[in-house]
Number of protein chains: 2
Amino acid sequence: MKRLNQSQLALLGLLSFGAMSGYDLKQLSDWSVGYFWRESYGQIYPHLKRLEADGLVARKTERGTGRRDRHEYRLTAAGKQTLQRWLAKPAAEEIPRNEMLLKVFFGDLVAPEFTVEHIARQKAQSEAELTAYAAVQKRIEGEQGSPRQKQHWLMTLRYGIHIAQAQMNWCEEMLKELK
Amino acid sequence: MKRLNQSQLALLGLLSFGAMSGYDLKQLSDWSVGYFWRESYGQIYPHLKRLEADGLVARKTERGTGRRDRHEYRLTAAGKQTLQRWLAKPAAEEIPRNEMLLKVFFGDLVAPEFTVEHIARQKAQSEAELTAYAAVQKRIEGEQGSPRQKQHWLMTLRYGIHIAQAQMNWCEEMLKELK
DNA sequence: CGTAGCATGTAAGTTGTTACATGATTCG
DNA sequence: CGAATCATGTAACAACTTACATGCTACG
């Protein structure tokens, strides 16, 4: 039984909200943690198999009514324990790669308009994110779940908002400087 | 001749500052773009070989005075063109994974102290980054290079500062809320 | 009748990290 | 004399993306 990776632990976390299929996990993760954590089907399905083999999740197959069979997974006691142990450990520091910044960094090799474009595009993206976050907030409030659970969801959302706003401020500053 | 990846283009970019060895590239990238772009030797050396085979960089070997041979690479005209074409293209949107946020997101499954710890650790990290950025700024000012080049370097540095400050603000807000 | 949604999965390819291997010189 | 710095490289592994394959149902 090899050590689990972050992806697998993230799936355990999502399953803590209730039994779900691989498909459901993708849908849920896309809107709930999609702005700081992405999973693809190419990862989800193999991971679920692996987690089941390790006894961390249990599968229940529903014969499809005409359509394809649906495999619903729920967290086992062992799975929950593994998850909680992971949650208690400090997160590793990671340096995300930023292609846009790299292009600004080397921007003196091309005409200034290109740098302006990169920054303007970033600004539009951050703006779009802020709009999306407002929608997510409404969705969270509508969702069922304990107040404490919602509080944690909203905390991560606030993080996204802080970052997006900082990006916008930076973009505006830089665009002014470049003019 | 397959398409180059971002890592290889980043190396071309760094070589635009002058001829360098693989070792030099690592040192330079660590302090200059290290806060948003990392390269490891395991990537650098194979990439340089590949770039040379493609005629984008040229190698000059200096017989080592006792020590190991040193391979210095410089950007060719073709390499510079490739780099400039890449700089003109818009950057792809990327969603960096954030383990710390994931742990806050699922934080209702463990005691509140753990969430506090994650956030406190983040705060300390962002603080440390801000200190490091001040040192980088001094280093940039001391470095030789055109004013325009320095301007671009400082722009990316400002980005780092904006983000680190936003992170600190978020941490402080959240710590207050959790008390 | 075409498209979107439900639903699961695999294979190939890409990209990246880490540990290992080697070895001289310089500084404290 | 040991550690740090200069210096290059490979091998094993880990992780992730994308395209492909399949096929039903509901809706417009």
Side-chain angles (χ1 to χ4, degrees), chain A residues 1-11 19-31 33-34 36-53 57 59-73 92-99 102, chain B residues 1-11 15 19-31 33-34 36-54 57 59-73 92-99 102:
Chain A
M1 182 141 76
K2 241 190 325 181
R3 223 176 87 263
L4 298 180
N5 64 28
Q6 294 183 338
S7 257
Q8 290 159 340
L9 287 155
L11 292 178
M20 264 178 273
S21 67
Y23 188 85
D24 294 336
L25 281 165
K26 174 86 172 114
Q27 310 309 305
L28 173 61
S29 68
D30 275 354
W31 76 263
V33 292
F36 63 83
W37 200 273
R38 286 278 160 103
E39 294 292 347
S40 65
Y41 289 125
Q43 294 252 101
I44 291 174
Y45 289 115
H47 281 340
L48 285 173
K49 250 187 196 165
R50 167 72 205 285
L51 292 170
E52 201 205 349
V57 302
R59 163 148 80 161
K60 195 177 67 181
T61 302
E62 285 165 26
R63 285 268 142 239
T65 55
R67 48 155 58 87
R68 219 173 218 259
D69 284 358
R70 180 188 151 89
H71 303 303
E72 214 180 49
Y73 295 87
E93 209 171 339
E94 43 206 318
I95 289 101
R97 288 180 156 199
N98 190 325
E99 188 189 344
L102 205 55
Chain B
M1 184 144 77
K2 242 188 326 177
R3 221 175 88 261
L4 299 180
N5 64 29
Q6 294 184 338
S7 258
Q8 290 159 341
L9 286 155
L11 292 178
L15 285 174
M20 263 178 273
S21 67
Y23 187 86
D24 294 336
L25 281 165
K26 174 87 172 114
Q27 309 309 306
L28 173 60
S29 68
D30 275 354
W31 76 263
V33 293
F36 63 83
W37 201 274
R38 286 278 161 106
E39 296 290 348
S40 64
Y41 289 124
Q43 293 253 104
I44 291 173
Y45 289 115
H47 281 339
L48 285 173
K49 251 189 195 165
R50 166 70 204 287
L51 291 170
E52 199 205 352
D54 288 354
V57 302
R59 164 148 80 161
K60 197 177 67 180
T61 301
E62 286 166 25
R63 287 267 141 240
T65 56
R67 50 154 58 84
R68 221 172 216 257
D69 285 359
R70 179 189 152 88
H71 303 302
E72 213 180 49
Y73 295 88
E93 210 171 339
E94 44 206 318
I95 289 100
R97 287 180 157 198
N98 189 324
E99 189 189 343
L102 204 55

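We name chains A, B, ... by the order of the sequence lines, and we start the count at 1 in each one. Note that the coordinates shown come from a computational prediction; the quantities given were computed from them, not determined experimentally.
- E94(B) has its CD atom 15 Å from the P atom of dC16(D), to the nearest Å.
- As judged by a 4.0 angstrom heavy-atom cut-off over every strand, R50(B) is placed among residues making no nucleic acid contact.
- Between I44(A) atom CD1 and dA15(D) atom P there is a gap of 16 Å when expressed in whole angstrom units.
- Scored by the side-chain hydrogen bond (donor to acceptor under 3.5 Å, both in side chains) test, Q6(A) finds E99(B) as partners (sequence neighbours excluded).
- Across the protein-nucleic acid pair, R70(A) atom CZ and dA7(C) atom C1' stand 9 Å apart, rounded to whole Å.
- The OH-P distance, from Y23(A) to dA4(C), rounds to 12 Å in whole Å.
- Partners of F36(B) under the ring-ring contact (aromatic ring centres under 6.0 Å, His included) rule, at least two apart in sequence or in another chain, do not exist in this structure.
- Straight-line distance from the CD atom of E99(B) to the P atom of dA15(D): 12 Å, rounded to whole Å.
- H71(B) and S21(B) share no donor-acceptor pair across their side chains, judged by distance under 3.5 Å alone.
- Not counting sequence neighbours, the partners of E39(A) by the side-chain hydrogen bond (donor to acceptor under 3.5 Å, both in side chains) test are S7(A), W37(A), R97(B).
- The side-chain hydrogen bond (donor to acceptor under 3.5 Å, both in side chains) check on D54(B) picks up R50(B), with sequence neighbours excluded.
- Across all their heavy atoms, R59(A) and T61(A) have their closest contact at CG-OG1, 4.0 Å.
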Please write out each protein N/O paired with an N/O of nucleotides 15-18 of chain C under 3.5 Å, distance rounded to 0.1 Å.
from	atom 1	to	atom 2	distance (Å)
dT15(C)	OP2	N5(B)	ND2	3.3
dG16(C)	OP1	R97(A)	NH1	2.4
dG16(C)	OP2	S7(B)	OG	3.2
dG16(C)	OP2	Q43(B)	NE2	2.9
dG16(C)	O5'	Q43(B)	NE2	3.3
dT17(C)	OP2	S40(B)	OG	3.0

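- Atoms NZ (K49(A)) and C1' (dG9(C)) sit 7 Å apart, rounded to a whole Å.
- Among residues two or more places apart in sequence or in another chain, the side chain to side chain contact (heavy atoms under 4.5 Å, CB included) test is passed with E93(B) by Q125(A), E129(A).
- Under the rule for a ring-ring contact (aromatic ring centres under 6.0 Å, His included), the partners of Y45(B) that lie at least two apart in sequence or sit in another chain are Y41(B).
- One can place CG of D24(B) at 9 Å from C1' of dC6(D), the figure rounded to the nearest angstrom.
- We find that CD of E52(B) is positioned 10 Å from P of dG9(D), with the value rounded to whole Å.
- Rounded to 10 degrees, the angle separating the terminal helix axes of the helix from dC1(C)-dG28(D) to dG28(C)-dC1(D), each built from five base pairs, is 40°.
- The salt bridge (Lys or Arg N to Asp or Glu O under 4.0 Å) contacts involving residues 22-31 of chain A comprise D24(A)-R70(A), K26(A)-D30(A), where partners must be two or more places apart or lie in separate chains.
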